[in-house]
*Asks:* 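Just passing along the structure, written as structure tokens.
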Amino acid sequence: MVLERIERLRQELRRHEHLYYVLDQPEITDAQYDSLMRELQTLEDAHPEFVTPDSPTQRVGGAPRDGFTKLRHSSPMLSLDNALDEGDLRDFDRRIRDLLGGEEFSYVAELKLDGLSMAAHYSGGTLQLALTRGDGTTGEEVTPNARTIRSLPLHTNEHGVFEVRGEVIIPNNAFRKLNDDREQEGLPRYANPRNSAAGSLRMLDPKVTAARQLDFYAYFYLINGAPGAPSHTDALRKLTKLGFKVNAAHRRCAGIEELLAFIREYEGQRDTLPYEIDGVVAKVDSVDQQNRLGWTSKAPRWAIAFKYAARQAETIVEKIDVQVGRTGALTPVAHLKPVNVSGVTVSRSTLHNEDEIARLGLAEGDTVVIERSGDVIPKVVKVVKEAHDRKFFKMPAECPVCGGKVVRPEGEVIWRCVNVNCPARLKNSILHFASRSVMDITGMGDVLVDQIVDKGLVRGIADIYQLTQDQLAGLDRMGQKSAERVIAGIAKSKTLPLPRVINGLGIPFVGERTAQILADAFGSLDAIRSADEPALQQAEEVGPKVSQSIRRFFEDEHNQELIKRLAEAGLMLTHKKVDRSGGPLTGLTFVLTGTLPTLSRDDAKKMIEDAGGKVSGSVSKKTSYVVAGEDAGSKLEKAKELNIPVLDESALQSKIAAIR
Ligand code: IVH
């Protein structure tokens, strides 16, 4: 009965996933889909004996791994020869015609997606194994990561043994979002969608892959490493029938002229496609003819990649100035003499950071090549002509938006404004300050923060403590009730302990843990503020990078003003150290590995620390215990090697409880 319902739900969910992710024709809303998924999840939780690896619930999960295994491909994954222009393509066509001795044949033209190729192996109707191309002979086993790609079926109706090869890509919108997020976090942007797809697939933690919204387009159907259908067209048809995503933009072409027409047609559509392409792949359709044409050591003779020209243009960098982002990062921007790059007028280009400008050897007035790709923002590729009166760029000594201090922490490439109340970063600062793990002000989300800042009600974090219920109730999507809730949250935040306030200040490199250490070591915000670098470094885990960041923060007069006002508002700026040294785990060091049945890693860590123990990332002779959950990796091996006792979650909990 239950099993029947489970099977029924799986079938339904698979059908809707196929409609949504493969065919792009959803029949139900996301909420309806989620509700089916929840029902299945609940039933599987209650009946773990019925969970199968191809259940729709099994896409996300699996513990992070320590490395990738290399495995041999069923047959080499070769690359393709390139044709850079029509002449190259005509040469290719002539060779094929010669080799086939006048026999009739046709091509299949496909888009060359800018991603990385992957092989997926199935048997018994289930995805068994996924390998990256690697060096073509052996690839890296990325099965848990591949399982998170929604358009790659976990289950098919074909029960025999077969292999599907195709391209893993990141669609343009996901690529942009990923790069924006990375910039927010101060990480370098991915240069192109291919790099980011490759980086995302090869994540040791499949949960990170899952968040990247990768897509898989199938183009080869193989059995025992050889084509499993008499022609490429048949293979694509078979793949479609099996539920794989096959790019609809492919066409059987009777000869070179039709092939060229396809190439021109899609070159014109490049900008409207949801993913980046770098050319067109042409394959001889018949597998029998493919076999007779054969291979060179590197590539098949029966296929070629026609490469589109990069979307580049030359122009002049008229000026370089600086933009301040939401996190306070200062990004140099090139103002260009407007130029048309394959249909789009470009007048600005990001230069990312000052190291990038140095790498390019760029100065104002220079003539440069710029390029557009999956990213919205075009980039400068190289300098082609230096101007006579070139003017070198220098990072401003002060934030161009608020005049605050700017710093470039050691080892970082990005300069940042340290003024938390800088208008460029104020919204972000407030969101961080109000977030759950910081000052926990419920209701203070995007929508509200946008309004209180845009309407000028809040010009700095401390202004939050001046807000009135009437002011809030008059805003969009707010009523007296919700306004009351927010005001109560603001009032409650005044009672939260000092470490939270320190974390809320958004000092670079000072997060939850360092905030706790600083509060414990100095006892008040005032003491931290007046400590010099050597004094700060007396605190555990505070090195030169952190101490410098703290000093710079407090040197900024805007920040001094902020602290004065937070004190006036009545926040907790002093602190009594909680003595944990008497805890049951004092003196013991733990290493966590694998997934624990009920505790998250963070929870387990907190429990151990609250009981006086320490948590370390790697196993050594100094480790007292290794706490292992499901899918524990090499850390467990190492523990066994070094004879270190291993605990499961319940043993850990009773250890904490027993001694108490
Ligand atoms: S066929 C031996 N078809 O381009 C056949 N490749 O330059 C090799 N690619 O490594 C692959 N779209 O990563 C083929 N429709 C397509 C493709 C495609 C993109 C990539 C693939 C391959 C590279 C070859």
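Numbering of ligands and ligand atoms starts at 1, following listing order. Every heavy atom of this structure was used, including side-chain atoms; hydrogens, water molecules and symmetry mates were not. Owing to the predicted nature of the structure, the values given are computational and were not obtained by experimental measurement.
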*Asks:* Determine whether the side chain, the backbone, both or neither of K112 has a heavy atom under 4.0 Å from any heavy atom of ligand 1.
*Replies:* both
*Asks:* Short question: side chain of E141, backbone of T143 - any donor-acceptor pair under 3.5 Å?
*Replies:* yes
*Asks:* Start with the C-alpha distance between T57 and Q41, add both sets of side-chain angles, then the distance that settles side chain to side chain donor-acceptor pair (under 3.5 Å), and finish with yes or no.
*Replies:* CA-CA 7 Å; T57 56; Q41 187 72 59; 4.7 Å; no
*Asks:* For atom 21 (C) of ligand 1, find the nearest protein heavy atom and state the residue, atom name and distance (0.1 Å precision).
*Replies:* E167 OE1, 3.1 Å
*Asks:* Once you restrict to heavy atoms under 4.0 Å, what part of V281 touches ligand 1? Side chain, backbone, both or neither.
*Replies:* side chain
*Asks:* If the contact criterion is a heavy-atom separation under 4.0 Å, does A305 count as touching ligand 1?
*Replies:* no
*Asks:* What residue and atom, counting heavy atoms only, is the protein's closest point to atom 3 (N) of ligand 1, and at what distance?
*Replies:* K283 NZ, 3.0 Å
*Asks:* Give the minimum heavy-atom separation between Y107 and V284, together with the two atoms involved.
*Replies:* CE2-CG2, 4.1 Å
*Asks:* Can you tell me which residue and heavy atom of the protein come closest to atom 8 (C) of ligand 1, and the distance to 0.1 Å?
*Replies:* L78 O, 3.6 Å
*Asks:* Using the rule given for ring-ring contact (aromatic ring centres under 6.0 Å, His included), can you reason through F262 versus F306, listing the C-alpha separation, both sets of side-chain angles and the distance that settles it, and then say yes or no?
*Replies:* CA-CA 11 Å; F262 181 92; F306 179 92; over 10 Å; no
*Asks:* Does the side chain of V281 come within less than 4.5 Å of K283's, by heavy atoms?
*Replies:* yes
*Asks:* Can you pull out the closest protein heavy atom to atom 19 (C) of ligand 1? Residue, atom name and distance to 0.1 Å, please.
*Replies:* L113 O, 3.2 Å
*Asks:* So is H250 touching ligand 1 or not, going by heavy atoms under 4.0 Å?
*Replies:* no
*Asks:* Check the surroundings of atom CZ in R72: do more than 12 heavy atoms from other residues, nucleotides or ligands lie under 6.0 Å from it?
*Replies:* no
*Asks:* Which residue supplies the protein heavy atom nearest to atom 6 (N) of ligand 1, what is that atom called, and how far is it?
*Replies:* Y219 OH, 3.3 Å
*Asks:* Within the 4.0 Å heavy-atom shell around P300, which atoms of ligand 1 are there?
*Replies:* 2 (C)
*Asks:* Out of R14, R15, R10, which one pairs with E12 under the salt bridge (charged side-chain N to carboxylate O under 4.0 Å, His left out) rule?
*Replies:* R15
*Asks:* Closer than 4.0 angstrom: is that true for some heavy atom of Y217 and an atom of ligand 1?
*Replies:* no
*Asks:* Does S79, backbone or side chain, put an N or O under 3.5 Å from an N or O of ligand 1?
*Replies:* no
*Asks:* Should the heavy atoms of other residues, nucleotides or ligands under 6.0 Å from CZ of R408 be counted, would the total exceed 12?
*Replies:* yes
*Asks:* Salt bridge between D91 and R94, side-chain N to carboxylate O under 4.0 Å?
*Replies:* yes
*Asks:* What atoms of ligand 1 come within less than 4.0 Å of a heavy atom belonging to S117?
*Replies:* 10 (O), 13 (O)
*Asks:* Near E110, which atoms of ligand 1 are under 4.0 Å from a heavy atom of that residue?
*Replies:* 3 (N), 15 (N), 16 (C)
*Asks:* Using a strict 4.0 Å cut-off to heavy atoms of L111, name the atoms of ligand 1 that fall inside it.
*Replies:* 12 (N), 15 (N)
*Asks:* Does the side chain of Q290 come under 3.5 Å of the side chain of H232 through a donor N or O and an acceptor N or O?
*Replies:* no
